[in-house]
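Comments concern the structure below.
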Amino acid sequence: MIIVIDFGSQYNQLIARRVREQNVYCQIEPPDIDIERLKALQPEGIILSGGPASIYEYDSPGTTYEIFALGIPVLGICYGMQFMVNALGGNVSRAEKREYGFARLQVQKEDALLAGIDQNTQCWMSHGDSITSLPDGFEVTAVTENTPMAAAADPDRGFYGLQFHPEVEHTLQGKQMLKNFLFEICGCSAEWTMKAFAREAVSEIRQAVGDKQVILGLSGGVDSSVTAMLIHQAVGKQLTCIFVDNGLLRQNEGARLKKIFGQHLEMNIDYVDATKDFINALQGISDPEEKRKIIGKIFMDVFEAEAQKIENAEFLAQGTLYPDIIESRSAFGGPTSIIKSHHNVGGLPEKMKLKLIEPLKFLFKDEVRKLGETLGLPEELVWRQPFPGPGLAIRVIDEISENRLEVLRRADAILLDEIRKAGYYRKLWQSFAVLLPVKSVGVMGDKRTYENILAIRAVTSVDAMTADWAKLPHDLLGKISNRIINEVQGVNRVVYDISSKPPSTIEWE
Ligand code: XMP
């Protein structure tokens, strides 16, 4: 295992992912981690991340100097290198201006970290202060035009520093440097695979749960589906998945989930049809936030009532992911967020005195997908586009009605069918239809029509924080529009949303 000490760099999650890509487990820890806890984790190496602070700032983040006495290799990146140099007796001076962007890296000494790296390569710099003298035992191994100590090392003690960021793509051979650190310097072995993770997680869950019951809110999204798979493998029928059908799902979604999880995967599925509760409560409501609140509240009520019925229930499983955990406690950066209440069951554990099981809490999204594949989850679930908790209620703009939901459902099904057939489904972050509260005039056959307008939304994104409208081929858009207008009664015009986020959002409401 490798520990990344998080000094707040925007790239620290990337460091962890780069390490894990090499099949070495990596955990991000805050700078104030207790040294005894760190020792107990028995890391093979420590990486000190970059960060936005200057070590001269009064409250700049630091970690205990004891890490340098553990006999474990340490790699300092950017601020992490400066912290190490300063801690071990070197000098860091305040820079007038930041060095930011591409730089030519010239290797002067090919040590273990720079083994196999071209003598002249490209790296990515982003630092303010710079190192002016190195601690005893260190020597310079690479330079750039503006940074005479771009890389330095004290191989006898296993200390290495890079002033640039090896984890970003712009550092062309950064991956090789990290590989060298892991395998040549720390002596890690590439054993952390999703198969191994699953094996360990299953055994831990089995031990923790014993003969008690576990409940889980199944939404059909990737996170809750993979969580369900994992727990099902561990404790089989002791897991009950509560699936609340709020009547705001896409076409055939409820039936499909019942079939996959209940029949095919033989899980205990508690399917609750609460359509009426949701639809009735949403009558006359047009404000999006009010819709969300109502849907959230009813979901909680229905879920709680179902959960109460399960005897001996002691655990609630949730699909919380690693970024939520890191961001909620990051010293800097990351939204100052509380952990997101993922499956809308936020307050439930305390209220019902349930213990939480969060088996994915150390995984990134792409790893969850890999785990899902390893566990044999069908592709249609592993590669599902995200779908919002309030479902189609926030895609029927303004007031909803069963009729309008049905119009949207049909149009959405056609849209997804064509997107899939054209091979775009996995390339898009999300693609869906939105029913507008505006009518327009059309002509069909010889008749004048006065019907609804439907918008198509398709975006690319990596994390939904920003998104770009997808440049779908015109003939594909044309085909979707034709099919929707011909096959869905109640729609006579289709428009394509060409706004990016920001300033728009992905959903319309
Ligand atoms: P926006 O519209 O804010 O959406 O750009 C960003 C991402 O979040 C999803 N989304 C939601 N998910 N409950 C959810 O579970 C919600 O109320 C909600 N609103 C938006 C949206 O689909 C997109 O992936």
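Both ligands and their constituent atoms are indexed starting at 1 by order of listing.
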- Task: Indicate the atoms forming the closest heavy-atom contact of Arg384 with Arg369, along with that distance.
- Result: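 It is O-NH2, 3.2 Å.
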If you look at every heavy atom in Glu191 and Ala196, which pair is closest and at what distance?
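Reported closest heavy-atom pair: O-CB, 3.8 Å.
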- For Glu487, does the CD atom have more than 12 heavy-atom neighbours from other residues, nucleotides or ligands under 6.0 Å away?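 Counting other residues, nucleotides and ligands, CD of Glu487 exceeds 12 neighbours.
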Have a look at ligand 1 and work out which part of Arg292, if any, has a heavy atom under 4.0 Å from it: side chain, backbone, both or neither.
->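 For Arg292, only side-chain atoms sit under 4.0 Å from ligand 1.
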At a non-hydrogen distance cut-off of under 4.0 Å, which region of Phe387 contacts ligand 1 (side chain, backbone, both, or neither)?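 Phe387 to ligand 1: no contact under 4.0 Å from either part.
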With sequence neighbours left out, write down each residue that passes salt bridge (charged side-chain N to carboxylate O under 4.0 Å, His left out) with Asp273, or none if nothing qualifies.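 None.
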[options]: member with heavy atom nearest to [atom]:
| atom | options | result |
| --- | --- | --- |
| atom 15 (O) of ligand 1 | Gly391, Pro390, Gly389, Gly221 | Gly389 |
| atom 7 (C) of ligand 1 | Ser461, Ala467, Ala464, Ala393 | Ala464 |
| atom 6 (C) of ligand 1 | Gln430, Lys501, Glu509, Glu289 | Lys501 |

Short list, please: which atoms of ligand 1 are under 4.0 Å from a heavy atom of Trp429?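 Selected atoms, number and element: 24 (O).
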Going by the order shown, which atoms of ligand 1 are within less than 4.0 Å of some heavy atom of Thr505?
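Listed by number with element: 1 (P), 2 (O), 5 (O).
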Full working for salt bridge (charged side-chain N to carboxylate O under 4.0 Å, His left out) between Arg199 and Glu204: CA-CA 9 Å; Arg199 211 181 308 126; Glu204 276 171 23; over 6 Å; no
Return a yes/no value for Arg395: is any of its N or O atoms, backbone included, closer than 3.5 angstrom to an N or O of ligand 1?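 Between Arg395 and ligand 1 (N or O atoms, distance only) the closest approach is not under 3.5 Å.
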Requested in this report: Over 60° means perpendicular and under 30° means parallel, so classify the ring planes of Trp124 and Tyr100, tilted if in between.
Outcome: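 It falls in the perpendicular class, over 60°.
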